[in-house]
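What follows is a single structure, written as structure tokens, with notes after it.
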There are 2 protein chains.
Amino acid sequence: MTQPSITLDRSSPVPLYFQVAEQLERAIVAGEIAAGERLDNEISMARDLGLSRPTMRQAIQVLVDKGMLVRRRGVGTQVVQGRVRRQVELTSLFDDLSAAGHHPQTRVLSCERLEADPEIAEELQLGVGTLVWSVRRLRLIGDQPLAVMHNVLPASLVDLTGVDLEHEGLYATLRATGLAIRVARQRIGARRADEADADLLGESVGAPLLTMQRTAYDDSGHAVEYGRHAYRPDLYSFDMTLVDR
Amino acid sequence: MTQPSITLDRSSPVPLYFQVAEQLERAIVAGEIAAGERLDNEISMARDLGLSRPTMRQAIQVLVDKGMLVRRRGVGTQVVQGRVRRQVELTSLFDDLSAAGHHPQTRVLSCERLEADPEIAEELQLGVGTLVWSVRRLRLIGDQPLAVMHNVLPASLVDLTGVDLEHEGLYATLRATGLAIRVARQRIGARRADEADADLLGESVGAPLLTMQRTAYDDSGHAVEYGRHAYRPDLYSFDMTLVDR
DNA sequence: TAGTGGTCTAGACCACGCT
DNA sequence: GCGTGGTCTAGACCACTAA
């Protein structure tokens, strides 16, 4: 039962439960607490840190939700076995790749304003014919084409005129204009590459592609983005952790 | 600001926060609270129901985590737009399909005990050569083949001798023997169908298949199952909701 | 029986967004 | 300024597990 040393800064704007969760996570990832090992119980951990029990619980719950810890009543809290995988998170592909240390490049194939067709109108909860931005991009990693991406956004929410989408991710652009994505619903599937895909991705026609379509919603619950993307499955996959609550 | 009527049963073993979350969710799904509409603030909701504020918060948080509600400090709690999609949950394909009202069928292709190769040993955190169960199954929906599934489980944890896997899901079998899955890490990708796949799934060689590999962990954080599956993408996809925390 | 996490209460103060 | 959610405290009782 190793006790990682945790230090709190009560003058920091970072919540106490988050400070604890962060340092606990770091200790687990660094292997300071071995997989399968039990943590001290939450009451004494709270006492040791000078925290109330609910605050300590909140910190632990963060890591349980991430699938790093497992709790059992009457038994205790243990570190889950197995290597830690990067999560599917609410970020764009650009952010994902940047964080992984790669240097993604982007080629904007088209960026135009047009009227929403029924499918787009449905996904973005707009009337058919409403003005939207339609952006098609090719994402590369090094010289390798990785994905073809098609995004649609309500023109009333964003203005993409003059935005340099070759050097800035779409989500970063949205954040910069004060649009924060809070929720997204997505569907992952597969299909054959058609001629356009094959040409752009350097694959043969009929090759398998991994597909993702996503509708993203902002702070106020309005749809702000609808995307349909196709990835080369030899270069990309979706990792995720599921937790039973 | 519609107020859904919520009734509490304080003698029930179901936690109060869960009772509230369940009824709120039902009201949202049923459309009693419209998309985009604001809920009453949590303090008055708590007062109206005779609950403490933390309990009311916990109830709301459940739905925020599910991506159904969005909260903003200083503003309030709103229902997210967009149709609600079924989540990727910590269940087996069999459970998924049953819940969706389909009647999945299973053909067990093989079920044998053998020694773990390096890949399996790595995924299940066992020594190479440890005895494991290896199960290959074909899942059908109606007469349509849907997926080929390969699962591996430590023989020390389960005994599949005499288990009727044609009529019972693997996860159900595990639950029945007291093994509860709590955490799983999975990776979704795509690949070409090889001859064996094509034959079993009624596809042509080279057709795109959606793939998923998953390692599942039990209550105590030990790996209990490693699976590699391939799905027909015209019949299956993975839906999920992402929430920024 | 002892120890653990799960639930619940009744408050408090603060940060933020809107007007 | 006011109302909202975000955080935090200091307790309480209960259900479950393991010895």
Side-chain angles (χ1 to χ4, degrees), chain A residues 1 8-22 24 37-65 69-80 178-180 182-183 218-221 243-245, chain B residues 1 8-22 24 37-65 69-80 178-180 182-183 218-221 243-245:
Chain A
M1 224 186 281
L8 296 179
D9 177 3
R10 296 193 91 101
S11 69
S12 160
V14 178
L16 294 173
Y17 79 89
F18 195 83
Q19 293 184 35
V20 175
E22 226 172 7
L24 260 184
E37 198 164 355
R38 243 183 64 211
L39 257 56
D40 201 359
N41 72 70
E42 61 189 30
I43 306 217
S44 47
M45 288 182 79
R47 183 175 20 82
D48 294 349
L49 291 171
L51 293 173
S52 70
R53 187 182 165 203
T55 302
M56 192 63 226
R57 273 184 72 76
Q58 195 176 358
I60 293 176
Q61 192 59 43
V62 170
L63 301 188
V64 171
D65 287 343
L69 294 177
V70 175
R71 328 185 72 180
R72 277 184 298 169
R73 172 149 47 179
V75 178
T77 306
Q78 283 175 295
V79 178
V80 171
L179 266 181
R182 286 289 286 275
V183 181
D218 71 1
D219 263 1
S220 62
V243 179
D244 190 18
R245 304 175 184 245
Chain B
M1 225 185 282
L8 296 179
D9 176 3
R10 296 193 91 103
S11 69
S12 160
V14 177
L16 293 173
Y17 79 89
F18 195 82
Q19 293 184 36
V20 175
E22 224 172 9
L24 261 183
E37 197 164 355
R38 243 183 63 212
L39 258 53
D40 201 358
N41 72 68
E42 61 189 29
I43 305 215
S44 46
M45 287 182 81
R47 183 175 21 78
D48 293 349
L49 291 171
L51 293 173
S52 70
R53 187 183 165 202
T55 302
M56 192 64 225
R57 273 184 73 75
Q58 197 177 358
I60 292 174
Q61 193 57 44
V62 170
L63 301 187
V64 171
D65 287 343
L69 294 177
V70 175
R71 328 184 72 178
R72 276 185 299 170
R73 176 150 44 181
V75 178
T77 305
Q78 282 176 296
V79 177
V80 172
L179 267 180
R182 288 288 286 275
V183 181
D218 71 1
D219 264 0
S220 61
V243 179
D244 190 19
R245 306 174 182 244

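Sequence lines set the chain letters: A, B, ... in the order given, protein chains first and strands last, and positions in each chain run from 1. Computed from a prediction, not measured in an experiment: that's the story for all the values here.
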- Query: Below 3.5 Å, does any donor atom in the side chain of B/Arg53 face an acceptor in the base of D/dG6, or the other way round?
  - Reply: yes

- Item | Protein-nucleotide distance (B/Asp218, atom CG; D/dT17, atom P), rounded to Å | 14 Å

- Checking all strands, does B/Leu16 fall into the base, sugar-phosphate, or nothing category for heavy-atom contacts under 4.0 angstrom? sugar-phosphate

- Using only side-chain N and O atoms of A/Asn41, determine if any of them is under 4.0 Å from OP1 or OP2 of C/dG3. no

- Message: Quick one, A/Phe18 and A/Val62 - any side-chain contact, counting heavy atoms below 4.5 Å?
- Response: no

- Message: From CG of A/Leu51 over to C1' of D/dT7, roughly how many Å is that when rounded to an integer?
- Response: 12 Å

- Item | Short side-chain to backbone donor-acceptor contact, A/Arg182 and B/Arg71, under 3.5 Å | yes

- Note on the structure: Whole-Å distance, B/Met56 CE to C/dG11 P, equals 18 Å

- Query: Does the side chain of A/Tyr17 get closer than 4.0 angstrom to OP1 or OP2 of D/dT7 through an N or O atom?
  - Reply: yes

- Rounded to whole angstrom units, what separation is found between the CD atom of B/Gln58 and the P atom of D/dG5? 17 Å

- Query: Over how many whole Å does the gap from B/Arg57 atom CZ to C/dT7 atom C1' extend?
  - Reply: 16 Å

- How is B/Pro13 classified with respect to the nucleic acid when contacts are heavy atoms under 4.0 Å: base, sugar-phosphate, or nothing? nothing

- Query: Could you state the CG-P distance from B/Leu39 to D/dT4, rounded to the nearest angstrom?
  - Reply: 12 Å

- Note on the structure: With the side chain defined as heavy atoms from C-beta on, B/Ser52 is closest, among D/dT9, C/dG5, C/dT9, to C/dT9

- Task: Name the nucleic acid region contacted by B/Arg47, choosing base, sugar-phosphate or nothing; use a 4.0 angstrom heavy-atom cut-off, strictly under.
- Result: nothing

- Message: For a quick test of reading the model, state the closest non-hydrogen atom pair linking B/Asp219 to A/Val70 and the distance between them.
- Response: O-CG1, 2.7 Å

- Closest to side chain of B/Thr55, choosing from D/dT4, C/dT9, D/dT9: C/dT9

- Item | Interatomic distance where CZ belongs to A/Arg72 and C1' belongs to C/dT7 [whole Å] | 20 Å

- Can you find a side chain N or O atom of B/Thr77 that sits less than 4.0 Å from OP1 or OP2 on D/dT4? no

- Task: Provide the closest heavy-atom pair for A/Arg72 versus B/Ser220 in the form atom of the first, atom of the second, distance.
- Result: NH2-CB, 3.4 Å

- Query: When the distance from CG of A/Leu69 to P of C/dT4 is rounded to whole Å, what number comes out?
  - Reply: 16 Å

